[in-house]
Protein chains: 4
Amino acid sequence: MARAANGRTTAGAAVGDSVEPVPQRLLAVATRLFAEQGFEMTSVQQIVDAAGVTKGAMYHYFGSKDDLLYEIYARVLRDQHARMESAADSDAPVDERLHAVAADVVATTAANLDDTVIFFRSMHLLHPDKQAEVRAERRRYHERVRALIEEGQRSGVFRADKSADLVVDFFFGAVHHLGTWFRKDGKLTGEEVGKEFADLLLASLRP
Amino acid sequence: MARAANGRTTAGAAVGDSVEPVPQRLLAVATRLFAEQGFEMTSVQQIVDAAGVTKGAMYHYFGSKDDLLYEIYARVLRDQHARMESAADSDAPVDERLHAVAADVVATTAANLDDTVIFFRSMHLLHPDKQAEVRAERRRYHERVRALIEEGQRSGVFRADKSADLVVDFFFGAVHHLGTWFRKDGKLTGEEVGKEFADLLLASLRP
Amino acid sequence: MARAANGRTTAGAAVGDSVEPVPQRLLAVATRLFAEQGFEMTSVQQIVDAAGVTKGAMYHYFGSKDDLLYEIYARVLRDQHARMESAADSDAPVDERLHAVAADVVATTAANLDDTVIFFRSMHLLHPDKQAEVRAERRRYHERVRALIEEGQRSGVFRADKSADLVVDFFFGAVHHLGTWFRKDGKLTGEEVGKEFADLLLASLRP
Amino acid sequence: MARAANGRTTAGAAVGDSVEPVPQRLLAVATRLFAEQGFEMTSVQQIVDAAGVTKGAMYHYFGSKDDLLYEIYARVLRDQHARMESAADSDAPVDERLHAVAADVVATTAANLDDTVIFFRSMHLLHPDKQAEVRAERRRYHERVRALIEEGQRSGVFRADKSADLVVDFFFGAVHHLGTWFRKDGKLTGEEVGKEFADLLLASLRP
DNA sequence: AATGAATGAGCGTTCATTCAT
DNA sequence: GATGAATGAACGCTCATTCAT
């Protein structure tokens, strides 16, 4: 196997050098480092070293360090949106659907906590255009949940004296802040927290 | 009014060169810039230029750029803690006290949104020792609210099947995320949002 | 020859922009400037300007300004040690070997006066760890000479009533201070001073 | 006793705040710090803090940080010169006088090692004019010793085949390098080293 | 596809010195 | 005599990005 002068492997899959393709490896490593140290305290050199590639390789796949951040966001938004749609569109009663959606968003947020932490810490560092894109996607996500609440309000299952918008902001605030306290090795699993949070949401909407 | 060659006022109180002492002026300017651009995208040069002083003056009062961030946190934590204590210790019924505390923390957070935004975006950039101090203070704050919920649970005013800890994390998550959507010129004032959020909290705790 | 807007050569080997590789060029330039102006009065900017590269290039090869100093030391210590070993290990009589070693160390010190001047002026500015390394290497050097003197004392060629250690400190003191008075264009050459100093050393050791 | 807001004594002789006048205290403190840390790594702030005065006070007595260094030199040169004159002008035989002078210069150098260390490390940082003054004084000192050697050479007490100049440079080199190895708590006292060094000098001059 | 030397602008910080009080 | 807030120029160093190979 070829070895460069610096002793790092240049080809083939060495031990610890997973078979994952380079772009995915870079994204995974960047996600971990950004979550651990913050976006701006992580240098491109650190990322490529940890991924076992060179700067040139990184700039071959990603236009900039910024781009790496954007791709992390895009990936997580894509995943979450897909999951949510399927939960919201079942033919269960509206309160059960809202509960399922709420519990699921909490569980998946807990499962991908690094992404959420990076998201809320670093989105302001993104280029304004990309920030706008990300925000728009997130808004579509929120609106799907708001529609669910309004459906329940119209049918009398939920109280109608609270703005659905406000309830969405209330609930997603709680979800997005999981990163400050939730620990994988804590008392509750992500699914358990999801059930509890969904219970609290539903309780606050009881007529 | 006299103006030096560099264009800065050398005597009298010009616009932006107010009579406010230099340290306070630096803190106010830094808060605004950190909220607008982020801590790491704000240079010390920008801060001192905006405050109308030189770097030397800033380093006379603050040990580092980090220190500026810490002082912003310390100030807001001190204020919030004081307000909260007085609301939690009144002799009203426990549900009224929790409502008052919850509404107040939302209203003051909305009133000092810059501080909160900076706080959750940039705390990881603070020196670990200072981070620990800040976290400890914030924990004391949360624990006062948890005690209030537990008091209500023991007296049967609140449902007892939900962990008070979890409810605190749920609610404060919502509060701490105000910065992502609340706007001073939006539909609702900070006090109005406070009342709505407190209502939702109390509703979710109904037995 | 092409010249960029900044006035630096972009192709071909200009005066001062020789074909010597960048790290060597930096080391040579730094040695000269440190000797002329002192380590701390020489800025990194001066060094890179004189070497015709940018700061980034320098920091690509050297970890710090300190490192540059250390490399200067390491290089001269390596050279001196090698020369000395070969002179000390010949099979001539011990007094001739000591004379040869003494004369050679003076001559090579005179030939590389800049390094010696920098060495004794600036070693205290080096990182403590690197200082320790340098001191250890220098001690090995002194001990080889001490062994030579002790050998002569045991065989009766040298007087035995003076501590070999002290004689080494005495002699090397004289050598290391060449920088304060020796001039390349002075009355005596480095080799001539070497012979005289070695004579004085041997005379002082006569039984 | 008056105490400033920062808690430092502002008047009277506190414990550790010797009765020595301010300029002397500053000089003593500066000498210690320069020897310990080097001239350029010692800030004016450190000096005035250690001396228990303020910057204003220091600049009242000394024109600059440079001045402090110069005064340290001037003081030590004045002292050494005075001692040497009296030893060189006795009416003992010339070899005894040279021995006495040599032993004395070593002993006083050992007794004031800090000054010597600073001297040879930092003289190049002095303003050229002051450097010239210091060098001139030092040259007068060396010339007195050279005259002594030449006197002995003329009278046949010392070998005449070695340049007196060179012998002076040889010997003073050894003396000025005491700082790199002599320790107050080492095997030999300054006086003992003085006797040994003088012995070696005289031995090397035997016809 | 990938390298890694080199760029260049900018960063946070230091510090001897000044001066109104 | 003495203060200490403020200056301002310089410093060592970092880093995302480029480009000849």
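A, B, ... follow the sequence lines: proteins, then strands. Residue 1 opens every chain. Reckoned from all heavy atoms, side chains included, excluding hydrogens, waters and symmetry mates.
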Residue met sooner reading DNA chain E from 5', once C:Val22 and D:Phe39 are mapped to nucleotides
C:Val22
Would you indicate which nucleotide in F:dC13, F:dG1, E:dA16 comes nearest to any side-chain atom of C:Ser64?
F:dC13
Minimum-distance nucleotide to C:Thr54 side chain [options: E:dA16, E:dA6, F:dA5]
E:dA6
Regarding the side chain of D:Lys65, the nearest nucleotide among F:dG8, E:dT17, E:dA6 is E:dT17
Is the phosphate of F:dA5, meaning OP1 or OP2, less than 4.0 Å from a side-chain N or O of B:Tyr59?
no
If you pin B:Glu40 and D:Asp66 to their nearest nucleotides in DNA chain E, which one's is more 5'?
B:Glu40
Measure CD/A:Gln45 against C1'/E:dT7 and give the value in whole Å, please.
15 Å
Using whole Å, report how far CD1 of C:Ile47 lies from P of F:dC13.
10 Å
Has the side chain of B:Lys55 got a donor or acceptor atom sitting under 3.5 Å from an opposite partner on the base of E:dT14?
no
Nearest-angstrom distance from the residue atom OH of C:Tyr61 to C1' of F:dC13
18 Å
When the ring centroid of B:Phe120 is compared with that of A:Phe120, is the distance short of 6.0 Å?
no
Closest heavy-atom pair and its distance - D:Arg25, D:Val53:
NH2-CG1, 3.7 Å
Rounded distance in Å - CG (D:Asp67) to P (E:dT17)
9 Å
Rounded to whole Å, how long is the line connecting atom CE of D:Met58 with atom C1' of E:dC15?
12 Å
Using atom CG of B:Asp49 as one end and atom P of E:dG10 as the other, report the distance to the nearest whole Å.
14 Å
Scan every strand shown for a Watson-Crick or G-U wobble partner of F:dT14, both distances under 3.5 Å, and answer none if you come up empty.
E:dA9
Would you call A:Glu71 and A:Arg75 a salt bridge, using N to O less than 4.0 angstrom?
no
Here the distance between atom P of E:dT13 and atom CD of B:Gln46, to the nearest Å, is 15 Å
Using purine N1 to pyrimidine N3 plus N6-O4 or O6-N4 for Watson-Crick, or N1-O2 and O6-N3 for G-U wobble, both under 3.5 Å, which nucleotide pairs with E:dT21?
F:dA2
Please figure out whether B:Gly56 or C:Thr42 has its closest DNA chain F nucleotide nearer the 5' end.
B:Gly56
C:Leu69 atom CG is separated from F:dG12 atom P, nearest whole Å, by 13 Å
For the pair D:Phe119 and D:Tyr73, name the ring-plane relationship: parallel under 30°, tilted 30 to 60°, perpendicular over 60°.
tilted
For the backbone of D:Ser43 and the side chain of D:Gln46, can you confirm whether one donor and one acceptor N or O come within less than 3.5 Å of each other?
yes
